[in-house]
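Structure record follows, encoded as structure tokens.
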There are 2 protein chains.
Amino acid sequence: MVQPSFDAFQAIADPSRRKMLRLLSKDSLTINSLGEHFDMSRPAVSKHVKILHAAGFISIQDIGRERHCTLKQDGFHHLQEWIDYFDKFWVSKLKKLETLLNNKSQNKK
Amino acid sequence: MVQPSFDAFQAIADPSRRKMLRLLSKDSLTINSLGEHFDMSRPAVSKHVKILHAAGFISIQDIGRERHCTLKQDGFHHLQEWIDYFDKFWVSKLKKLETLLNNKSQNKK
DNA sequence: ATAATACGTAACTTTTAAGTTACTCAAACG
DNA sequence: CGTTTGAGTAACTTAAAAGTTACGTATTAT
């Protein structure tokens with residue numbers, strides 16, 4: 001897994017880029033076929049693809065003059081790790097609450 | 001869970017806001033105490049907090065003239081759901097590969 | 001009652017992101 | 001070998017985000 005050169009969080013901040021990832025979850029697509037789903041110029045699509053690639057969300061395979069974009073796990077992993085950190089926070093918060101409740105019920109005895 | 005009025009993905013696109021969430025995972029903080037960790041004016045901090053709140057990442061409790069910010073799960077859930085969708089994609093991709101490999105080994109027999 | 005504190009709002013500036021058009025290049029096609 | 005097709009780059013415009021200062025308003029402290 002190569003170090004991403006673009007912030008994953010910023011990459012998915014744009015709705016068009018999120019839509020692109022959704023489309024790519026159905027099928028590998030070229031720049032043009034991807035662009036058919038959007039109301040924007042091809043260079044704009046190109047830019048978005050570049051960002052998604054730099055952030056590790058897609059891999060690109062050049063076949064002749066076409067560029068085939070495929071979903072890649074790296075970017076998603078990065079996000080998952082971030083969320084996992086906070087997940088731990090909730091778990092420990094629950095544990096604290098649990099301990100608190102246990103102590104209370106013990107006091108009643 | 002109230003419908004968020006701000007896009008969760010955009011909310012965490014900003015590094016300062018992500019740092020704020022990290023800080024809040026350690027402790028509930030007021031606007032000012034939060035701001036101490038940043039090199040920006042207090043109104044700027046206020047704006048970020050507003051966004052995090054609107055996106056469902058924090059809850060705010062007014063105590064006198066202070067505003068206490070606490071981490072909230074809603075925003076994180078939203079993100080997790082999004083990632084989960086793609087997780088399914090990887091799983092099904094793996095299954096397809098598995099089936100493919102099984103068929104190949106059967107042909108050998 | 002007055003001063004200090006904690007914060008929000010408004011108006012504005014600056015920065016950055018997203019989009020455009022015009023152009024270029026290389027691969028495929030006839 | 002000229003032409004079409006798929007895509008990248010450069011220069012620019014537009015729009016949105018992030019930040020600022022100046023000011024207003026409750027709440028707390030003296």
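Note that the structure is a prediction, hence the values are computed from the model and not measured. Every chain is numbered from 1 and lettered A, B, ... according to where its sequence line falls, protein lines coming before strand lines.
- Here B:Ser41 pairs with B:Pro43, B:Ala44 under the side chain to side chain contact (heavy atoms under 4.5 Å, CB included) rule; sequence neighbours left out.
- Note on residues 6-24 of chain A: pairs passing salt bridge (Lys or Arg N to Asp or Glu O under 4.0 Å), not counting sequence neighbours, are A:Asp7-B:Arg18, A:Arg18-B:Asp7.
- Summarising the geometry, the separation between CG on B:Asn32 and P on C:dA4 is reported as 17 Å, rounded to the nearest angstrom.
- One interatomic measurement links the two molecules: CG of B:Asp62 to P of D:dA26, which rounds to 14 Å at whole-angstrom precision.
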Could you go step by step and tell me if B:Tyr85 and A:Leu21 meet the side chain to side chain contact (heavy atoms under 4.5 Å, CB included) rule?
-> CA-CA 11 Å; B:Tyr85 171 87; A:Leu21 294 178; over 6 Å; no
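- The nearest whole Å value for the distance from the CZ atom in A:Phe9 to the C1' atom in C:dT16 is 20 Å.
- Sorted pairs that involve residues 75-98 of chain B and meet salt bridge (Lys or Arg N to Asp or Glu O under 4.0 Å), not counting sequence neighbours, are lacking altogether.
- For A:Asp39, there are no side chain to side chain contact (heavy atoms under 4.5 Å, CB included) partners at least two apart in sequence or on another chain.
- In this entry the distance linking CZ of A:Arg65 with P of C:dA27 reads 10 Å, nearest Å.
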Scoring nucleotides 8-20 of chain D by protein non-hydrogen atoms under 4.0 Å (B base, S sugar-phosphate only, - none) yields BB-------SSBB
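- For B:Phe89, there are no ring-ring contact (aromatic ring centres under 6.0 Å, His included) partners at least two apart in sequence or on another chain.
- Summarising the geometry, the separation between CD on B:Glu66 and C1' on C:dT5 is reported as 9 Å, rounded to the nearest angstrom.
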